[in-house]
Amino acid sequence: MDRFWWGVATSAFQVEGFVENDMTVWERRGKFNNDGKYPLYQNGSAHWLNWRADFELLKQLNVNAYRFSMEWARIEPQFGTFDGQALDQYEQMVDRLLELNIEPFLTLHHFTHPVWFHEKTPWTSEQAQDVFCRFTEVILKRFADRISYWITFNEPLVWVLAAYGDGKFPPGKSDVKLVMRALVNILKAHQRAYSLIKSYRPQAKIGMAKHFINFEAHRKWFAADRSLADLLHHFFNKMIPEAFETNRLQFHFPLLFDVDEAINLKNRIDFWGVNYYYRMFVAFRLNIRRPFQFIFKDESGLGLTDMGWEVYPDGLSKVLRYMGKFNKDIIITENGIATLDESLRMRFIDAHLEQVLKARENGLPVKGYFYWSFLDNYEWLEGKNKRFGLVHVDYENDFRRTVKQSARHYARIIQIDLNNRKGSLS
Ligand code: FCB
């Protein structure tokens, strides 16, 4: 009977605090929107100081896996200079997870970079691949003997679109050619990192966490909306997984761009990480500057989250079914909800787990589920008032932690399943 990974996820920057990177510089330059309710980054959830106590909370959640990342800016604050003390702390963290019998799932790149990165070796240049691989190798030298699960990149397409498409993330450019150039370098870096990790740890399982969106026509009767939904599905959901089948990153977007780039990706992935949150309705507009409109509406009747996203669990089944075609293991590396309503969070978890169960009953190789997020944290463009956590963080009182009702609920589900491996999800 194979194992099911029950986990929670975070990313270094969103929770750790006490670091200087491209995002903190960006924030200081006033580039992030924030509704002013909470201070901006202000040390995330101070996990860098509280990790020991946080890991005890992980234990209370009954998880057997934890997805997290290591902050590149902390490890390589100056170009080519690596900080041994930062690595020491990460080593203590990984060792503690292993002692607690919690499998570490390490993400190497989760949106953030050292301060020097965009000036010196931006993703639009091939040197980015080299510096990323050098960073990966530093990590491998310390951790290859104890980390089995590696996620090279988190949501590369989301990141390139934010950094080079609408310019919301540093380096804040807006040019479709750069979007694709950066993506190609990231995929090549993945390919190289894949071989590198295997050379240090042949039995490692290596994946990428990919964001999936259910696109649907806003006006079902309108062919233009339907074609747009198809086009976006192709671009956003299919283009990257297909490149791993065909060794070509290929996409033609009328009037916008044409890409056809050979990249040796075939079989250079062991599992697909699925990050799934919502369905999005799309409408075509006769407006040359903004031809698409993106709409969230509560068509399923299950509610909208504090992000304004529709709760749409059926979308997870659709994604899992689609990804089943690729004959690789699938791990849900993120799924979660920003809300203050604990009963809604519990319903969200139950409804999505039901889809996971169905997918497994239908023979799909879904091997794990990670709730996003372990802790309330800093949500990029939104600041700190979007609470995805199973554990509440009181930003005004010393970052005090309180386990939420949904955390106990999730812990119970996990316990039942782990106690009864012949039961539901085993
Ligand atoms: C995903 C990101 C993650 C978090 C969630 C809400 O796109 O990977 O860091 O912000 O959204």
Side-chain angles (χ1 to χ4, degrees), residues 7-17 19 21-24 26-27 32-34 38 40-41 44-45 47 66-73 105-113 151-163 165-166 168-170 183 186 190 207-215 236-237 240 272-280 294 296 304-312 315-316 319 331-340 344-345 348-349 352 369-391 393 406:
V8 285
T10 58
S11 83
F13 182 63
Q14 287 174 281
V15 295
E16 284 180 357
V19 74
N21 66 11
D22 59 341
M23 291 287 180
T24 55
W26 193 243
E27 180 184 288
F32 279 131
N33 300 329
N34 185 270
Y38 280 106
L40 284 155
Y41 181 61
S45 307
H47 174 65
Y66 176 51
R67 175 179 172 221
F68 65 108
S69 65
M70 292 183 186
E71 184 65 37
W72 187 355
F105 277 62
L106 177 64
T107 311
L108 291 169
H109 183 278
H110 196 126
F111 293 175
T112 56
H113 303 86
I151 292 164
T152 54
F153 287 89
N154 180 68
E155 302 185 351
L157 192 49
V158 171
W159 185 81
V160 292
L161 287 169
D166 60 16
K168 289 195 170 130
F169 275 14
L183 184 62
I186 288 179
H190 165 89
M208 183 181 271
K210 185 163 156 37
H211 194 70
F212 289 89
I213 298 177
N214 273 261
F215 293 103
F236 197 83
N237 299 327
I240 293 180
W272 279 103
V274 166
N275 290 2
Y276 172 72
Y277 289 93
Y278 53 76
R279 160 165 70 178
M280 189 184 247
F294 299 109
F296 290 111
L304 296 179
T305 75
D306 286 356
M307 297 290 282
W309 299 343
E310 183 192 15
V311 177
Y312 184 55
L316 180 57
V319 171
I331 292 178
I332 295 150
T333 36
E334 283 182 32
N335 173 240
I337 177 170
T339 182
L340 300 178
L344 179 58
R345 193 185 322 277
F348 180 98
I349 293 173
H352 287 81
Y369 175 90
F370 289 72
Y371 178 82
W372 180 274
S373 175
F374 169 34
L375 299 169
D376 284 339
N377 62 57
Y378 169 75
E379 173 54 30
W380 312 111
L381 302 169
E382 307 275 341
K384 286 185 174 172
N385 67 346
K386 301 293 186 282
R387 292 181 177 272
F388 281 92
L390 292 177
V391 174
V393 176
S406 53

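We're numbering straight along the sequence, starting at 1. Both counts, for ligands and for their atoms, begin at 1 and track the order of listing.
- In terms of protein heavy-atom proximity, atom 1 (C) of ligand 1 is closest to Glu334 OE1, 3.1 Å.
- By the 4.5 Å heavy-atom criterion applied to side chains, Gln14 and Ser373 are not counted as neighbours.
- Ligand 1 is never approached by Lys386 to a heavy-atom distance shorter than 4.0 Å.
- Less than 4.0 angstrom separates some heavy atom of Asn154 from each of these atoms of ligand 1: 8 (O).
- Polar contact check, Trp372 against ligand 1: no nitrogen or oxygen pair lies under 3.5 Å apart.
- Looking from atom 5 (C) of ligand 1 to the surrounding protein, the closest heavy atom is Tyr277 OH, 3.3 Å.
- Tyr41 places a side-chain N or O within donor-acceptor distance of the main-chain N or O of Phe13, the cut-off being under 3.5 Å.
- For Met307, no heavy-atom contact with ligand 1 is shorter than 4.0 Å.
- Taking the six-membered ring for Trp and the full ring otherwise, the centers of His110 and Phe68 sit at least 6.0 Å from each other.
- The ligand atoms of ligand 1 that sit less than 4.0 angstrom from a heavy atom of Gln14 are 3 (C), 4 (C), 9 (O), 10 (O).
- Looking at Arg345 and Tyr371, their side chains come closer than 4.5 Å, going by heavy atoms from C-beta outward.
- Every residue two or more places apart in sequence or in another chain was checked for a side-chain hydrogen bond (donor to acceptor under 3.5 Å, both in side chains) with Asn214, and none qualifies.
- Remark: the backbone N or O of Phe236 is paired with a side-chain donor or acceptor of Lys210 at under 3.5 angstrom.
- Between Arg387 and Asp376, at least one side-chain nitrogen of the basic residue sits less than 4.0 Å from a carboxylate oxygen of the acidic one, meeting the salt-bridge criterion.
- Close contacts of ligand 1 with Phe388, meaning ligand atoms under 4.0 Å from a residue heavy atom, involve 6 (C).
- In the vicinity of Glu379, heavy-atom distances shorter than 4.0 Å reach the ligand 1 atoms 4 (C), 5 (C), 6 (C), 10 (O).
- Contacts between Val158 and ligand 1, counted as non-hydrogen atom pairs separated by less than 4.0 Å, are absent for every part of the residue.
- Taking the six-membered ring for Trp and the full ring otherwise, the centers of Phe169 and Trp380 sit less than 6.0 Å from each other.
- For ligand 1, the polar-atom distance check finds an N/O of His110 within less than 3.5 Å of one of the ligand's N/O atoms.
- For atom 7 (O) of ligand 1, the closest non-hydrogen atom on the protein side is Glu155 OE1, 2.6 Å.
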